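In the text below, chain A, chain B and the rest are named by the order of the sequence lines, each starting its count at 1. Quantities reported herein were computed from a predicted structural model and do not represent experimental measurements.
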Amino acid sequence: MQIFHRSTNTISRVSVFGAVFFLAFLLWLFDALNRSPYTTQQGVARVQPVQFSHKHHVGSMGLDCRYCHTTVERAAYANIPSTKTCMNCHSQIWNQSPELEPVRESWRTDRSIDWVKVYDLPDFVYFNHSIHVAKGVGCETCHGRIDQMPLVSQHPNLQMSWCLDCHRNTERYLRPRDEVFTMGYVPAGNQEAIGEQLKSEYRIRPVYELTDCSTCHR
Amino acid sequence: MSGGKLYGLMAEFENPNDLVAAAREAHEAGYVKLDAYTPYPIEALTEALDIHDRKLPALVLFGGILGGLCGYALCYWTSVVAYPLNIGGKPFHSAPAFIVPTFETTILFAAFAAVLGMLGLNGLPMPYHPVFNTPRFALASRDRFFLCIEARDPKFDHDETWAFLTKLGPRVVMDVEE
Amino acid sequence: MTDVTPRGGGKAAPSPGAILAPGYTFTTLTDKLASIALSRRTPVAWFVGAAVGFSLTMVLLVAVTWLLFRGIGVWGVNQPVGWGFEIVNFVWWIGIGHAGTLISAILLLLRQNWRNSINRFAEAMTIFAVACAGIYPALHTGRPWLDYWLIPYPNTMGMWPNFRSPLIWDVFAVSTYATVSLLFWYVGMIPDLATLRDRARRLGAKIVYGMLAMGWRGSARHWQRYETASLLLAGLATPLVVSVHTVVSFDFATGIVPGWHATIFPPYFVAGAIYAGFAMVLTLAIPLRKIYGLEDFITAKHLDNMAKILLATGLIVGYGYMVEAFMAFYSGNPYERFMFWNRLGGPYKHMYWALLFCNLVAPQALWFRKVRGTVPALFLLAMIVNVGMWLERYVIVVVSLHRDYLPSSWGMYHGTIFDWATFIGSIGLFLALMFLFIRLLPMISIFEMRAILPEAKVASEEEA
Amino acid sequence: MVTAKDLSLARLAREPEYWRSLEELLETDDFRQHLHREFRVPIESGVNRRELLALAGASMALAGLTGCTRQPTERIYPYVRPPEEVVPGEPLLYATAHVHGGYARGILAESHEGRPTKIEGNSLHPASLGGTDVFAQAFVLDLYDPDRSQTLTERGEIRPWSALLAAVKLALEKERPTRGAGLRFLTTAVTSPTLSAQIAGILQAFPEAKWVAWEPAGRDNVYEGARLAFGEAVEPRYAYGRADVILSLEADFLGGGPAQPRSVRDFASRRRAQDTNRLYVAESTPSLTGARADHRRPMAPRQIEAFAQAVATAVGAIPSGSGPADPFAAAVAKDLLEHRGSGLVVAGESQPPAVHALAHAINQALGNAGKTVVYSEPVLAGPANQAAALAQLARDMREGRVSTLTILGGNPVFTAPADLKFAEAMEKVPLRLHLSLYDDETSRLCHWHAAQAHPLEAWSDARAYDGTATILQPLILPLYGGKSDHELLAAFSEQPEKTGHDIVKDYWRGKLAGADFEGAWRKALHDGVVEATALPTRAVSVKSSPLSAFDSEPHSGDSANLTVLFRPDPTVWDGSYANNGWLQELPKPLTKLTWDNAALISPSTAEELGVVNEDVVDLLLAGRRVTAPVWVMPGQAAGCVTLHFGYGRSRGGRIANGKGFDAYALRGTDGLWARAGLEIRKTGGHRQLVTTQHHHSMEGRNLVRSATAEDYRRDPGIVQKMGEAPPGPADTLYPRLPTGSYAWGLSIDLAACVGCNACVLACQAENNIPIVGKNEVSRGRAMHWIRIDRYYAGELENPETFHQPVTCMHCENAPCETVCPVAATVHSAEGLNQMVYNRCVGTRYCSNNCPYKVRRFNFFLYSDFKTEITKMVRNPEVTVRSRGVMEKCSYCVQRINRARITAEKENRPIRDGEIVTACQQACPAQAIVFGNIGDPESAVAKARAEKRQYGLLAELGTRPRTTYLGSISNPNPALPAAARREEGHGA
């Protein structure tokens, strides 16, 4: 007795074969989602209480990073500037601008401005700005062209493999110390060659030390 | 089920001996597109129908070798190349430890090769097949033995083949429609 | 067609040495075995058993939910005993899961055709036991939702598993074993599923069995490849089954803990697994043949053979115990020596003595033909071995850990109510799966049984 | 109980001279029952709404959303006006002091963005020299205790501070006509110059007013003893480092005393292989000092007195005439005589004045005075005899002579001797004020209760044991608006609103050296000590008359009568630390009990009474009764029952309440430290006691190695010969893996370690280690990263005691690493056994495979993620571990990284000593040394090069980076040596 129609032969083969691909697709989808900006927030501009433009302050006016982020060379954190830093200038210029009302309010009420954190590492990751700056890692390497960002977004995906990439291949990213705060830095020659030279000059630790877990996790 | 194209002719036998004898005669008579259907494997049929298929063992061997290579490569690449880590002072290339996963992947790939190879070479899954069009064929999974000569056999001729099959002493000979 | 034939298509009781009662034909045998799955009439005993199984499965679900909600601390594990019931149960279940593949594969290779009536449900038992075993390593981690980190896959962390860890070996061995066992079981069932497809009356059943049978039609060409594949799978499964418990034993043997670190472990564990597996096969086979009237197929000869295997593997296991004791002293290692004294006289000594009784002393009764021929006695002995093998794993896991190197860190371990609930619940899951299998799938391999009927002999074969 | 038959198993273990503690490990039925009780199945039941929501959340997570680790948005709140010195992320250290029993020990408090998180010792301070005790480490946790009093109340109603000032003013008006006759001030022990000056000022204005100080574990006996010997109360100051032979008459200078970190430092400096001192201890109840003794004798209190007399007679300090010469006393006396001028006899605070007087007499007779002991004016201000003053106060109150009672700190209702019926007497006082950290037993009975500022929140000052003053500076504004003692006392002065800062600073104005007061003030704050404030030493001489009249009645062992001993608890002290979770969970150094106190009974007495561990008994003394569980204590003097007070709080906070029993209820003025006449009645009840160590014998394993100074001199290799030789560096088939520029290692000197637990708490504070509670400890789930193992050897009644701190060994061939399936624990190039919490899935395989059992697992969510205030104590440099992950000692990797980053920025290698681990920092004995073992010049490499260096279980091939230096003892050859030493222990 024939139970199945002739077409079931094709259907059954296709579905058996297709199930494998479907599963593979689901796994791929999951992985892609995990690497996508949806998860990593990479490149997602954040709305801030004050529409502070790095493009204007850095790109147009040429302020040095360290004018505001004063502790970047000394401490693990590159601090978010205090209201006082803003008021240094904005008590004089644009001191009536409605855009800057939150700043003036903060100054009046002594309450902090409520910024949204853009670069948010998990709490079990210990990143230290000062050592990276001291070893010739440019701001731009991790933060991108800040001077072209009206609103700051996260430049890299901040996933562990991204961190490891640099810790394994320091020569591809190092720049001379005096170029650390430069935006749009172009190596004067072959980056790999310069990088190798800087590596020995700055006494960059070998890869097996830089990729030790305790370098970042403790 | 009627009115279809003819798939072949089927003879039903009551015991394995008759089938084996019939199969041998059919084969010797020069039929090539023929098949026997039995409720359990009968080794003599293989020889009677002269079935030679050595592909499956080769596939399994290939699967095993591939599995072994993949397994060892995975261990080696992850532990030595991708992220070498000092684990308990053991060398990055801890060959003795890698043997276990390698062994398991060898078996796994070989087993998949055996099962998928068997199904693939047999053309399974194939829920629809003309032989099922014969109502009596349901007994092939119970207690009857069938010999089918397909219409596409170059030597096939409905009446002649019918006569040939009848001569072999079956219980009954039937048309099988596509 | 599908009515249950009166018991024993056979006209007479099976003779003592037979592996099948006389008088069966292809027809009666097929109809009788197929009817178990196809009949609408289900024995009352099935309902009772399934109800017990499902209720206990609910207990398992409750225990697991609470575990995931609160954390691994609901179990009794602590410092120094980091592994308790969960690993004991894992090893116990994995051990039970050895008989099926062994019966199917090794006995197939050895052409022991008496296996044909017991291999199918033994394989099912294997798969369900492995499923039950799998629960434990998956749940025993502190953060089970991250268990997938044990699988090598390219990830955003750039991290890979540690292939030196026996737990990774376990992942490979157990998952390979589960996969291959499942394939073996399913492939072995295809011709029988075709039989069920052809025997079923209801269209739904025809379609389901038909899909599962993949259009099997018993073609001689198919049979040829099928037999080749079966043999190859058997050839692959044999080293695999040996490897699985070897790898499980590595969990302990590669450790540094006195009582774990022993080279005898792989063979001793494999023997123990076979031992436990056959005990469980007997535990299942004896009630099943009674409930379903299968005495014609699972004959006294089968029970006798299994009892002999039980005895033989039991002796190997006993040898393992003796080697452990011998090495404890021969090694001259004070920690090993202490470990052994602690087993004999420490706080858990009752467990050790009980396990010696269950696994070493009690099975010696099987030397007597009379015991092997007495079904209730066999059942009782099988149960004793089941308990004994659980105790053995408890002694290995817990008693070794509770007093290792630094006396300052010695402690005690006791299973909590959640440990017990998880254990009993997993037995429930096993029973539930087993009863579902019995009801829905052919629990005895029909096509392989046909092959041992007298009428299956092909005359020409003998000439050839 | 233990019978000979039961010993059979112990014999199987090959080492007859080692015993397994008590009946415990003799596998008696009692023990098994004990185990069953101890490990009974806890059934957590009941799911509240919050947990249900969490469950719902968990199931969502389980539904497969976990692969995406999408982080919630976080906010940043920068400063509006940044403080000058604060760099976010960079901690600051402030010098201040921890005041314990009135005496200051200098500390440096670490502050992260204004949050004090960690206490370290101040190396400039004489009582600290860089070390701390457990209380200093733990008291920062009290700062953030959510149970602290947060308000000012009058009869339960919340009031403003001004209302209190008004009430005080009103009361003072009433007192003025009587010149303050009804005015009483009750404080704890006070060394604060400012506070005593303030009180003096008030007493000047109200001459009839009285100041009473009460410290439950006070120093009355010390001062009374001096008065007996010298005719005046003076403060003896001991130089343990200068003494070659020390006799302690129950003086537990290693476990307590006014300058415990300093005493330990001085003592330990003489316990290493060269120039080893010798310590004799006569004591009734085992102490840390007794544990380190070369010769220890358990004696009942009366026997100690007799013994002191015998020694005094033998050295000629008092005329002969006392009882038969004890050979032990004779040997001690001979040794002391042979070390004239470099011997030292110390009497403990628990000893009656007569024993102190005898000790002074011996020191004087032997010429030790002025060399190993000097004298100064008392450091404590206020009445010399606190107990008498308190009794007088109680009498005055009862008789209605007190109209206003002001209690500054302390908890007299709880701590006062029971026979004073202090609470009852207090109720007669019309106006009662109490300033305290907690709304406690005393506050409940006071009209006014004011929240006190924590010492890290307020300005104050205090003196050290030698009189050196420290100015206590606050690190944070009072979290709960508390006031300091000074601010409350100001209410009684002309300037009631004066701030604590001004009060303290004004006091010191003119008293600091140098013309520039501001500069000197800043220097005093910076250094944590005020220069040249140590009290000058004084020459005093023993008067013969009181001693010749010394009562010399016969001391027969009246064993029918039990003696009860009252001692402060080793972890919660007098009860003031009872709500401190770190201290509650800290195993007591000798019993290893946590979360409880117990009646400690000697094994023989326990056998006579027919009681075993955890049996609940009624203790009856002079009509008072207390119910307590029994703990059989090896080394306890027969017939003596030790009760630790401080437990049994009813209003101490959520952690303190209901823990243990209140021993104060039995303590009377007729025997503050010891009293005969105790009666014990079995009740048939049981109470679960929880310890972190269940087994007390080393089982013949060479874990703690110890040699006598004599043997070590003869054969320096003796320590290493005690065990199987570990594999050498070349004994491996493995290739060498890349190594880093440094090779970190830790060395622990067992000769110096006294087992004080400071390292345990320092580690807990530094590394955000959670507490788990009594129930979880009972299930073997304590979390300490460094633990101190305590072993006994020898006879049950007077065993030798060994302490061994055990950290992660950071094995080069770490067994834990190999078995981790996900590579969550791996080795760094510098030799750290790294534990990566975020990678850990929690198989616990590593813990099983760790021979040292130093790994700790978060079986539940132990870290508190809910209580905001307690989060503030956490070290931001260390990950807070969540449920289901393993953790362990990291060698303070956060400190290594900090030092490395600093060094690399300065383009130089890390200097030796630049990295100090938390345990090393706290260790008063300087037993712990950390550093680069690859640099032969480093301190740790030098320690490892010593001949007494050995690795724990190194024969297993683990190649531990933490190694030990064998302990050195220096027994008197004239006395029978303890059995163990002869055996060369564990060889």
Check your understanding: Do C:R197 and B:F132 have side chains that get closer than 4.5 Å, going by heavy atoms?
Key -> yes
What side-chain donor-acceptor pairs closer than 3.5 Å can you find for residues 111-126 of chain B, not counting sequence neighbours?
unit_1	atom_1	unit_2	atom_2	d
B:N122	OD1	C:R225	NH1	2.7
B:N122	ND2	B:M118	O	3.4

Revision key, fill the gap. Whatever's closer than 4.5 Å to a heavy atom in chain B on C:T179 counts as side chain
Practice item. Sort B:L108 into side chain, backbone, both or neither according to what part of it lies under 4.5 angstrom from a heavy atom of chain C. Key: both
Study note, to complete from the structure: Looking only at heavy atoms, the pair that brings B:P39 and C:F447 closest together is O-CB, 3.6 Å
Check your understanding: Would you say the side chain of C:Q224 lies within less than 4.5 Å of the side chain of B:D53, judging by non-hydrogen atoms?
Key -> yes
Check your understanding: Mind checking whether C:S243 and B:E104 have side chains closer than 4.5 Å, heavy atoms only?
Key -> yes
Check your understanding: Given a strict heavy-atom distance threshold of 4.5 Å, which part of C:E227 is in contact with chain B: side chain, backbone, both, or neither?
Key -> side chain
Revision key, fill the gap. Looking only at C:G235, C:A213, C:A237, C:A229, most heavy-atom pairs under 4.5 Å shared with chain B are made by C:A229
Practice item. Provide the closest heavy-atom pair for B:S79 versus C:F163 in the form atom of the first, atom of the second, distance. Key: OG-CD1, 4.0 Å
Check your understanding: Would you call the rings of C:F26 and B:Y40 parallel, tilted or perpendicular if under 30° counts as parallel and over 60° as perpendicular?
Key -> tilted
Exercise for review: Please assess C:T25 against B:D143 for the test side-chain contact (heavy atoms from CB on, under 4.5 Å), listing each intermediate value before the final yes or no.
Suggested key: CA-CA 8 Å; C:T25 62; B:D143 51 3; over 6 Å; no
Revision key, fill the gap. Most heavy-atom pairs under 4.5 Å with chain C, out of B:G71, B:A36, B:P16, B:P127, belong to B:A36
Check your understanding: Between atom OG1 of C:T246 and atom CZ of B:F103, what is the distance when rounded to the nearest 0.5 Å?
Key -> 8.5 Å
Study note, to complete from the structure: Assert top hit (heavy-atom pairs under 4.5 Å, partner chain B, pool C:R221, C:E455, C:M211, C:M449) equals C:R221
Check your understanding: In terms of heavy-atom pairs under 4.5 Å, which option from B:L19, B:L59, B:T78 contacts chain C the most?
Key -> B:T78
Check your understanding: Just wondering, are more than 12 heavy atoms of other shown residues or ligands nearer than 6.0 Å to NE2 in C:H261?
Key -> no
Review point. Which answer fits C:I190, side chain, backbone, both or neither, if we ask what part of it has an atom under 4.5 Å from a heavy atom of chain B?
Key: side chain
Point to revise | Closest non-hydrogen atom pair, B:L49 against C:A220 | key: CD1-CB, 3.9 Å
Review point. Any residues in residues 250-257 of chain C near chain B, with a heavy-atom distance under 4.5 Å, and which are they?
Key: C:F250
Check your understanding: What are the two closest non-hydrogen atoms of C:W169 and B:A97, and how far apart are they?
Key -> NE1-O, 3.2 Å
Check your understanding: Are any of the side-chain heavy atoms of B:R142 and C:T195 separated by less than 4.5 Å?
Key -> no
Point to revise | Segment of B:N15 engaging chain C (4.5 angstrom heavy-atom cut-off) | key: neither
Practice item. Measure distances from B:Y76 to the heavy atoms of chain C and classify the residue's part below 4.5 Å as side chain, backbone, both or neither. Key: neither
Check your understanding: How far apart are the closest heavy atoms of C:R199 and B:S141, and which atoms are they?
Key -> NH1-OG, 3.5 Å
Practice item. Could you look at C:T30 and say if it's the side chain, the backbone, both or neither that has a heavy atom under 4.5 Å from chain B? Key: side chain
Check your understanding: By a 4.5 Å heavy-atom criterion (distance strictly below it), what part of C:P239 contacts chain B: side chain, backbone, both, or neither?
Key -> both
Point to revise | Minimum heavy-atom distance between C:P152 and B:L74, given as atom pair plus value | key: CG-CD2, 3.6 Å
Review point. What part of B:P57 lies closer than 4.5 angstrom to a heavy atom of chain C: side chain, backbone, both or neither?
Key: both
Exercise for review: Starting at CG of C:N162, measure out to CD1 of B:I87 and round the result to the nearest 0.5 Å.
Suggested key: 3.5 Å
Study note, to complete from the structure: If one checks every heavy atom of B:T38 against chain C at 4.5 Å, the contacting part turns out to be both
Check your understanding: What part of C:L236 gets closer than 4.5 Å to chain B, counting heavy atoms only: side chain, backbone, both or neither?
Key -> both
Point to revise | Contact class of B:A110 relative to chain C, heavy atoms under 4.5 angstrom | key: both
Practice item. Output the option from C:V180, C:L183, C:V187, C:I446 having the highest count of non-hydrogen pairs under 4.5 Å with chain B. Key: C:L183
Review point. Who wins among B:A23, B:G64, B:A140, B:P41 for the most heavy-atom pairs under 4.5 Å with chain C?
Key: B:P41
Check your understanding: Where do C:R164 and B:S94 land on the side-chain hydrogen bond (donor to acceptor under 3.5 Å, both in side chains) test, with the steps shown first?
Key -> CA-CA 7 Å; C:R164 297 163 194 87; B:S94 298; 2.8 Å; yes
Check your understanding: Crowded around C:M157 CE? As in, over 12 foreign heavy atoms under 6.0 Å?
Key -> yes
Practice item. Could you grab the distance from atom CZ of C:F172 to atom SG of B:C75, nearest 0.5 Å is fine? Key: 6.0 Å
Check your understanding: Between B:L85, B:I51, B:L45, B:V60, which residue shows the highest count of heavy-atom pairs closer than 4.5 Å to chain C?
Key -> B:I51
